Amino acid sequence: MIECRTSMLFYRHAQPSSSDHKSCALIILMLNLEKILKINKWLKWRRLMDKFELSFAVSDAIQNNRRWGHSHVMAAFPPGLGVNPRAQLKLLWHLDANTRLMTVQSETAAKTPELLGARVGSVAQVGAEAGAELTLRITLSCQKTPPSQVPDVLRPLLKQGPDAKSYRSRMVIVPPVERSVWAAKRLAAIGFEATSVQLSDVYFASLGVHGKAIPAVDLVSFGVVRDADRFAEARREGVGKGKNYGLGLIRIEASA
C-alpha cells in the first residue's frame with residue numbers, strides 16, 4: 001500500500017506502481033509551484049513602492065489639479081499601455097501635502113523615476129497573512145450610492161428597449177453620522193476587520209477643471225487581516241474611486 005501525503009491531499013492505493021509514485025510527485029510539485037508563483041507575484045509589486053520628495057511648486061500644482069498630478073506620475077512610466085495605462089501598471093500614488101512626499105506603487109518600475117522627484121527611499125513593507133495585526137492608512141473617496149426609490153416592479157421596464165434608462169441614484173457624500181460604519185464595511189470588503197477607525201473631515205481633491213473635485217477622507221484603522229487574498233488584491237488594485245488622482249493606495253504599518 002502506498003500513501004501520498006501533501007498539506008492538502010491524501011491518496012491511498014491498494015497496489016503501488018511507478019505511475020502512483022510519479023503522480024504523487026507531480027501533485028506535490030504543482031502545489032509547491034503554485035505557492036512559489038503566489039509569493040513571487042506578491043514580492044514583485046511589493047518591492048516597487050518608493051517615496052519621492054517633490055518641490056514646493058510641483059506639490060502645490062498636484063494639490064490644485066490632480067488631473068495634472070496623474071499626468072505627472074504617468075510621464076515617468078513607459079508609454080503605449082492601452083486605454084488605461086495606470087490600471088495596466090497597477091500604479092497607485094499618494095501625496096502627503098505636509099511633507100511633500102509622494103508614495104508611488106506599481107508592478108513595473110518607472111522608466112524615468114527622476115521625473116517624479118528626488119527618491120528618498122522605499123516604503124517599509126510588512127506581511128499580510130491572515131491574522132496579521134496592522135495599522136492601515138488610506139485616502140478614500142467618501143461617496144456612496146443611495147438606494148433607488150424606483151419600485152421593484154418598474155425596474156425591469158426601465159431596462160428594456162433601446163432607450164432604456166438607468167434607475168440608479170446619483171452618488172452623494174457619505175453623511176457624517178454614517179461614516180464610521182461605512183468605513184468599517186469598506187475595510188471588511190477587502191478582508192480587513194477594523195477594531196478602530198479614525199476619519200478626517202471631508203475635503204475636496206481638486207481635479208482642476210470647472211471646480212470639479214472628489215470628496216475624500218483620510219482613514220487610519222487598526223485591525224486584523226481576515227482574508228489574505230482579498231487584502232493582497234486590494235493592495236495591488238487600490239480601494240474605491242479616484243485611483244488616477246492619488247486616492248485608494250493602502251499604506252500599512254506592523255503593529256507592535
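None of the values given here were measured: they were computed from a predicted structure.
Smallest separation of non-hydrogen atoms from Ala75 and Leu115: O-CD1, 3.6 Å. Residues Ala130 and Ala228 share a closest heavy-atom pair of N-CB, 3.7 Å. Contact record, Cys142 with Val202: SG-CG2, 4.1 Å, taken as the closest heavy-atom pair. Among all heavy-atom pairs drawn from Met102 and Ile62, the shortest one is CE-CD1, 3.6 Å. Closest approach of Thr145 and Met171 over heavy atoms only: OG1-CG, 3.5 Å.
Looking at Val104 and Phe52, their side chains come closer than 4.5 Å, going by heavy atoms from C-beta outward. For the pair Tyr245 and Leu95, the minimum side-chain heavy-atom distance is 4.5 Å or more. Looking at heavy atoms from C-beta onward, Pro146 lies in side-chain contact with Val172 at the 4.5 angstrom threshold. Using a 4.5 Å heavy-atom cutoff, the side chains of Met49 and Leu249 are in contact. Within the 4.5 Å cutoff, side-chain heavy atoms of Leu134 are placed close to those of Phe231. Residues Leu89 and Met74 have side chains in contact (heavy-atom distance under 4.5 Å, counting atoms from C-beta outward). Under the 4.5 Å side-chain criterion, counting only non-hydrogen atoms from C-beta, Thr103 is not in contact with Asp50.
Taking CZ of Arg251 as the start and OG1 of Thr139 as the end, the distance is 4.5 Å to the nearest 0.5 Å. If you take CD1 on Ile250 and CZ on Arg236, they are separated by 11.0 Å, rounding to the nearest 0.5 Å. The distance from atom CG of Leu247 to atom CD1 of Ile214, rounded to the nearest 0.5 Å, is 5.5 Å. Within the model, atoms NZ of Lys212 and CG of Leu207 stand 8.0 Å from one another, a figure rounded to the nearest 0.5 Å. Atoms CG and NE2, from Asn65 and His72 in turn, are 12.5 Å apart once rounded to the nearest 0.5 Å. From Leu199, atom CG reaches atom CG of Leu219 across 5.0 Å, with rounding to the nearest 0.5 Å.
Residue pairs meeting the salt bridge (charged side-chain N to carboxylate O under 4.0 Å, His left out) criterion with at least one member in residues 61-90, sequence neighbours excluded, are Lys90-Glu237.
Of the possible donor and acceptor atoms, one in the side chain of Arg179 sits under 3.5 Å from a partner among the backbone N and O of Val174. Looking only at distances, a side-chain donor or acceptor of Ser200 sits under 3.5 Å from a matching main-chain atom of Asp218. A donor-acceptor pair is defined here as one N or O able to donate and one able to accept, closer than 3.5 Å; such a pair exists between the side chain of Trp93 and the backbone of Asn244.
One hydrophobic cluster holds both Ile138 and Phe204 under the rule that ILVMFWY side chains link at heavy-atom gaps under 4.5 Å. With hydrophobic clusters built from ILVMFWY side chains whose heavy atoms lie under 4.5 angstrom apart, Leu92 does not share a cluster with Leu116. Linking ILVMFWY residues whenever their side-chain heavy atoms come closer than 4.5 Å, directly or via other members, places Ile173 and Leu140 in the same cluster.
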Begin with the C-alpha distance, continue with both residues' side-chain angles, and end with the deciding distance and a verdict on side-chain contact (heavy atoms from CB on, under 4.5 Å) for Val73 and Trp68. CA-CA 9 Å; Val73 174; Trp68 183 86; over 6 Å; no
Worksheet item: side-chain contact (heavy atoms from CB on, under 4.5 Å) between Arg235 and Ile252: does it pass, once the steps are laid out?
Response: CA-CA 10 Å; Arg235 291 182 72 187; Ile252 61 178; 3.5 Å; yes
Margin query: Set out, in order, the CA-CA distance, both residues' side-chain angles and the distance that settles side chain to side chain donor-acceptor pair (under 3.5 Å) for Gln143 and Ser141, then state yes or no.
Written below: CA-CA 6 Å; Gln143 296 174 287; Ser141 168; 2.8 Å; yes
Please tabulate, for the side chains in residues 180-195, all donor-acceptor contacts under 3.5 angstrom to protein atoms that are two or more places apart in sequence or on a different chain.
{"residue": "Glu193", "atom": "OE1", "partner": "Arg226", "partner atom": "NE", "Å": "2.5"}
{"residue": "Glu193", "atom": "OE1", "partner": "Arg226", "partner atom": "NH2", "Å": "3.1"}
{"residue": "Thr195", "atom": "OG1", "partner": "Phe222", "partner atom": "O", "Å": "3.2"}

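The pair Arg230-Glu233 does not meet the salt-bridge criterion, since no charged nitrogen lies less than 4.0 angstrom from a carboxylate oxygen. Ion pairing of Glu178 with Lys144 is present here, as a side-chain N (NZ or NE/NH1/NH2) and a carboxylate O approach within less than 4.0 Å.
Counting heavy-atom neighbours within 6.0 Å of Asn84 CG, excluding the residue itself, gives a total above 12.
With hydrogens and angles left out, the side-chain atoms of Ser206 and Asn64 include no donor and acceptor closer than 3.5 Å.
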